Trainee: 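Submitted below is the structure of interest, expressed as structure tokens.
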Amino acid sequence: MRLPFFVIPLVVLSQAAAFAGTPQQADAARKEYELGMQQWALKMKIATTQDQRAATMLERPDLTKTGRKLWAIIQPNLMEEWSLEPAAWLVKMSPSMTTTDSSGVHQPA
């Protein structure tokens, strides 16, 4: 009967590790956004009409979505050294991830 009590903590720990992000996941999220922005900028440069530019504006990568994804990856790992670089990138990019309410107060998007 002691076996189940020994197995339960192992299962819990393995599940916690499964939800923890990795440096590779954080790097991939950042690179996905940066590549998307580069592609979007090129599309904006070749858009010649106002209608093409307006349509291309709608295709801009969503920084808020990327920020939430990156935060979900690094938040459980903030005590890990590898999380410093993606966290710094997130802070650097965060001013554009805010909204302003009717009284002028900035809030997370």
Side-chain angles (χ1 to χ4, degrees):
M1 287 306 235
R2 287 181 151 288
L3 183 61
F5 293 113
F6 178 74
V7 172
I8 291 173
L10 289 178
V11 170
V12 170
L13 288 175
S14 68
Q15 291 299 317
F19 290 114
T22 65
Q24 294 80 13
Q25 289 173 323
D27 194 44
R30 181 184 53 80
K31 285 182 178 178
E32 178 183 354
Y33 175 78
E34 289 174 346
L35 179 61
M37 281 301 291
Q38 290 172 359
Q39 292 172 343
W40 175 80
L42 288 174
K43 288 180 182 180
M44 286 297 290
K45 285 182 181 180
I46 61 172
T48 55
T49 67
Q50 196 65 15
D51 289 339
Q52 287 175 335
R53 291 182 68 78
T56 304
M57 281 298 291
L58 297 175
E59 297 175 12
R60 182 180 177 140
D62 186 357
L63 180 58
T64 302
K65 180 180 173 185
T66 300
R68 287 185 178 135
K69 180 179 179 179
L70 186 57
W71 179 247
I73 293 167
I74 66 172
Q75 190 270 335
N77 302 292
L78 290 175
M79 296 301 290
E80 301 292 329
E81 186 176 330
W82 67 262
S83 68
L84 185 59
E85 186 177 331
W89 183 86
L90 189 58
V91 169
K92 179 180 154 189
M93 301 302 285
S94 66
S96 59
M97 296 189 315
T98 60
T99 59
T100 306
D101 66 12
S102 59
S103 61
V105 176
H106 294 288
Q107 299 175 357

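Remember, it's a predicted structure, so these values are computed and weren't measured experimentally.
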Trainee: What residues, two or more places apart in sequence or in another chain, satisfy side-chain contact (heavy atoms from CB on, under 4.5 Å) together with A26?
Mentor: L70, I73, I74, W82, P86

Trainee: Among all residues two or more places apart in sequence or in another chain, which pass the salt bridge (charged side-chain N to carboxylate O under 4.0 Å, His left out) test with D27?
Mentor: R30, K31

Trainee: From Y33 OH over to K69 NZ, what is the distance, rounded to the nearest 0.5 angstrom?
Mentor: 13.5 Å

Trainee: Give a yes or no answer on whether the side chain of N77 reaches the backbone of S83 with a donor-acceptor pair at less than 3.5 Å.
Mentor: no

Trainee: Going by the rule salt bridge (charged side-chain N to carboxylate O under 4.0 Å, His left out), which residues pair with E80 if we only count those two or more places apart in sequence or in a different chain?
Mentor: none

Trainee: Salt bridge (charged side-chain N to carboxylate O under 4.0 Å, His left out) with E85: which residues, sequence neighbours excluded?
Mentor: none

Trainee: Can you list everything that forms a side-chain contact (heavy atoms from CB on, under 4.5 Å) with Q52? Sequence neighbours excluded, please.
Mentor: A47, T48, T49

Trainee: Got a list of side-chain donor-acceptor pairs under 3.5 Å for residues 37-45, not counting sequence neighbours?
Mentor:
unit_1, atom_1, unit_2, atom_2, d
W40, NE1, T56, O, 2.8
K43, NZ, E59, OE1, 3.3

Trainee: To the nearest 0.5 Å, what is the distance between CG on D62 and CZ on R68?
Mentor: 8.0 Å

